[in-house]
Amino acid sequence: MELYDVMRTTFAAREFTDDPLPDDTLFKILDHARFAPSGGNRQGWRVLVVRDRATREALAALTVPAAKRYMAQVQAGENPWNTIDPTRVDAGTIERTLVPVRMTEPVLRAAVVLLLCVDLKVVASTDQDLDRVGVVSGASIYPFAWSMLLAARHEGFGGTITTLAVAQEPKLRELLGIPRHVAVCAIMPLGRPVKQLKKLKRKTVPEFTMLERWGGQPLTATTR
Ligand SMILES: Cc1cc2nc3c(=O)[nH]c(=O)nc-3n(C[C@H](O)[C@H](O)[C@H](O)COP(=O)(O)O)c2cc1C
């Protein structure tokens, strides 16, 4: 596929056919994704390839607590799990909130499930002393995750970066033997999408750009 087509049509695939994703195709996807950038080129990514049914069921179950809070906050008009505005949703409401199957089913239905991890011993987390949630560490792993999805798209497959189960990281560690210095970054179901979305909803460039400083004029196609 042409690069720009891949970039504009790689969507979050959550429904999959029964087609397998053979190991040689998965290998090919990873073999291209490994050229992603990481801080200092230290390539701290580690990938667990999960096909086992019991493990998938455990992953689906570990998604539920965070998904309940996510949905409860959405229903209350909040931006779920953000670290800036405290939630007004109480624990009882969260506990009673139902989780849509699209949040738990993909790991059960996908041809394969990947756990993307990063070895924190090799990540320069330059925002670690700031008074806000860390985001820089993610930049050493999510380009790799995105490259995986682009390569999967190119091969006729698809998947999603999911992070809800990461809220249960201690249990993921226990389930899969992940050492303490390794963070779970995403759980990625991969398979053949039931349908291919072609038109993704995204903000336009002027909606998120500012010239020279915060609040500046947006960048338009005719700015300069
Ligand atoms: C950091 C990150 C975390 C995400 N976590 C989840 C998740 O836990 N569950 C899920 O179903 N989708 C998750 N997504 C997928 C987003 O919902 C999806 O990329 C977005 O809605 C755009 O979807 P589209 O490409 O199909 O338009 C996540 C995406 C990113 C980048």
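Every number for a ligand or one of its atoms is a count from 1 in the order of the listing. By convention here, the first residue in the shown sequence is residue 1.
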Flag, side chain of [X] to backbone of [Y], donor-acceptor distance under 3.5 Å:
X	Y	value
Arg42	Val122	yes
Ser147	Ala33	no
Thr160	Thr162	no
Arg56	Arg51	yes
Arg69	Pro80	no

With respect to [X], determine whether any N or O atom, backbone or side chain, lies less than 3.5 Å from an N or O atom of ligand 1.
X	answer
Leu197	no
Leu164	yes
Thr163	yes

Original post:
Do you know which two heavy atoms are closest between Thr93 and Thr97, and how far apart they sit?
Top reply: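 Smallest heavy-atom distance, with atoms named: O-OG1, 2.7 Å.
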Original post:
Partners of Arg8 by side-chain hydrogen bond (donor to acceptor under 3.5 Å, both in side chains), sequence neighbours excluded?
Top reply: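 Scan of Arg8 (side-chain hydrogen bond (donor to acceptor under 3.5 Å, both in side chains), adjacent residues dropped) gives none.
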Original post:
Is the shortest distance from a heavy atom of Met103 to ligand 1 less than 4.0 Å?
Top reply: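 It does not; every heavy atom stays at 4.0 Å or beyond.
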In terms of atom number and element, which parts of ligand 1 are under 4.0 angstrom from non-hydrogen atoms of [X]?
X	value
Phe11	25 (O), 26 (O)
Thr160	12 (N), 13 (C), 14 (N), 15 (C)
Arg202	22 (C), 24 (P), 25 (O), 27 (O)
Arg14	10 (C), 11 (O), 12 (N), 15 (C), 16 (C), 17 (O)

Original post:
Does Glu105 pair with Arg14 as a salt bridge, N-O distance under 4.0 Å?
Top reply: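 Salt bridge flag = no for Arg14 with Glu105.
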Original post:
Does atom 20 (C) of ligand 1 have any protein heavy atom closer than 4.0 Å?
Top reply: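 False for atom 20 (C) of ligand 1.
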Original post:
Nearest to atom 29 (C) of ligand 1 by heavy atom, Leu200, Val166, Thr9, Ile161: which?
Top reply: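 Nearest option to atom 29 (C) of ligand 1, by heavy atoms: Ile161.
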Subject >> side-chain hydrogen bond (donor to acceptor under 3.5 Å, both in side chains) contacts touching residues 24-33 (sequence neighbours left out) >> reply: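 Residue pairs with at least one partner in residues 24-33: Asp31-Arg34.
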**OP:** Give the residue, atom name and distance (to 0.1 Å) of the protein heavy atom nearest atom 23 (O) of ligand 1.
**Re:**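 Of every protein heavy atom, Ala12 CB, 3.7 Å lies nearest to atom 23 (O) of ligand 1.
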Original post:
Which one holds for Thr162 and ligand 1: side chain close, backbone close, both close, or neither close, with close meaning a heavy atom under 4.0 Å?
Top reply: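 For Thr162, backbone and side-chain atoms both sit under 4.0 Å from ligand 1.
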Original post:
Counting only heavy atoms, which portion of Lys201 has something under 4.0 Å from ligand 1: side chain, backbone, both, or neither?
Top reply: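 Near ligand 1, Lys201 shows nothing, with every heavy atom at 4.0 Å or more.
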